[in-house]
Amino acid sequence: MRIILLGPPGSGKGTQGELIEKAYGIERFSTGDLLREAVDKGTDLGRRIQKPMERGELVSDDIVIELIQEKINKKDSQAGYILDGFPRNIQQARELEKIDPGKDEIALDIRISDHEVIERLSGRRVCSGCGAVFNLKKNHPEHQDACDKCGGTLIQREDDRPEVKKKRLEVYHARSENLTGYYKSKSTYREVDGSGGIKKVFARIAAVLNQHLSKKEVI
Ligand code: AMP
């Protein structure tokens, strides 16, 4: 099964993607994480994408398509995978269909309001050591600046800064309607309420996935 996580920045795609990965044993690929890793390592690619990422803009389709293609092609074609942050537009969605055609698919749209997006991104902190994600208000670490898991320093993502997060939300809205339309027309689109705590949202997601899996067994 291919699970595509749609939804605005801060809707919990990363957190929920990790929970799905653990519960269902399918690997997660996050284009945001892969791109940030390239920037942190200072690779050629990292230097090319650093500026657009800092401005909250999308990087070019060619780059992300190549990254995802590499990941999918490396895997056993029967195995499932979760895509977090990809596709971000119709062009990417069409390319994905070419890379791995006819795959059993669910496009899970995790919905939260713009107000909630701004709130969540303002409080989001990421561990500079292990990448664990916290929220100062709702999923706060025991100590303000240190990671509960590895003790690393917690930092704010460059693109969670006030001026950039607004831009990211604009970029999301400019494309999300077309993308949801695309998956609705494929009948793989499912909407999930992303409000409330992490466990509550995961229970909603699991209900959708389990229903899908049980239908497949009957067929
Ligand atoms: P994310 O962690 O998914 O919010 O992504 C962080 C940033 O990485 C985005 O603001 C974009 O600059 C870039 N990015 C991630 N995924 C994509 C994608 N599929 N297409 C273009 N840019 C992307």
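Both ligands and their constituent atoms are indexed starting at 1 by order of listing.
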Starting from atom 13 (C) of ligand 1, which protein heavy atom do you reach first, and at what distance in Å? Leu35 CD1, 3.5 Å

For the student: nearest non-hydrogen atoms of Pro141 and Leu136, plus distance: CD-CD2, 4.2 Å

Please state which part of Val64 comes within less than 4.0 Å of ligand 1, counting heavy atoms only: side chain, backbone, both or neither. side chain

Distance to 0.1 Å, residue and atom name: give those for the protein heavy atom nearest to atom 22 (N) of ligand 1. Val59 N, 3.1 Å

Given Arg175, Arg168, Glu54, which has its nearest heavy atom closest to atom 4 (O) of ligand 1? Arg168

For the CD atom on Glu66, are there more than 12 heavy atoms of other groups (residues, nucleotides or ligands in this structure) within a distance under 6.0 Å? no

Between the side chains of Arg161 and Glu163, is the shortest nitrogen-to-carboxylate-oxygen separation below 4.0 Å, so that they form an ion pair? yes

Non-hydrogen atoms of Ile63 and Leu35 that approach each other most closely: CG2-CD2, 4.1 Å

Under 4.0 Å between a Lys/Arg side-chain N and an Asp/Glu carboxylate O for Arg94 and Glu97? no

The one among Gly10, Gly32, Gly85, Pro87 that brings a heavy atom closest to atom 19 (N) of ligand 1: Gly85

Report the part of Arg55 (side chain from C-beta onward, or backbone N, CA, C, O) that has a heavy atom under 4.0 Å from ligand 1; answer both or neither where that applies. neither

Residue pair Val201 / Gly194: nearest heavy atoms and the distance that separates them: CG2-O, 3.5 Å

What's the shortest distance from atom 20 (N) of ligand 1 to any protein heavy atom, and which residue and atom give it? Gln92 NE2, 2.9 Å

If we set the cut-off at 4.0 Å for heavy atoms, which region of Asp159 has an atom near ligand 1: side chain, backbone, both, or neither? side chain

Top protein contact for atom 16 (N) of ligand 1, by heavy-atom distance: Thr31 OG1, 2.8 Å

Distance to 0.1 Å, residue and atom name: give those for the protein heavy atom nearest to atom 7 (C) of ligand 1. Met53 CE, 3.8 Å

Residues Arg168, Asp160: salt bridge by 4.0 Å N-O rule: yes

If I compare all heavy atoms of His143 with all of Asp148, which pair ends up nearest, and what's the gap? N-OD1, 4.2 Å

Quick note on ligand 1: atoms under 4.0 Å from a heavy atom of Arg36 include exactly 2 (O), 6 (C)

State whether Glu105 and Lys103 are salt-bridged, where the test is any N-O pair (Lys NZ or Arg NE/NH1/NH2 against Asp/Glu carboxylate O) under 4.0 Å. no

Measure the distance from atom 11 (C) of ligand 1 to every protein heavy atom, then report the residue, atom name and distance (to 0.1 Å) of the closest one. Glu57 O, 3.5 Å

Which residue and non-hydrogen atom of the protein lie closest to atom 5 (O) of ligand 1, and at what distance in Å? Arg88 NH2, 3.2 Å

I'd like to know if Arg157 contacts ligand 1, where contact means a heavy-atom distance under 4.0 Å to any ligand atom. yes

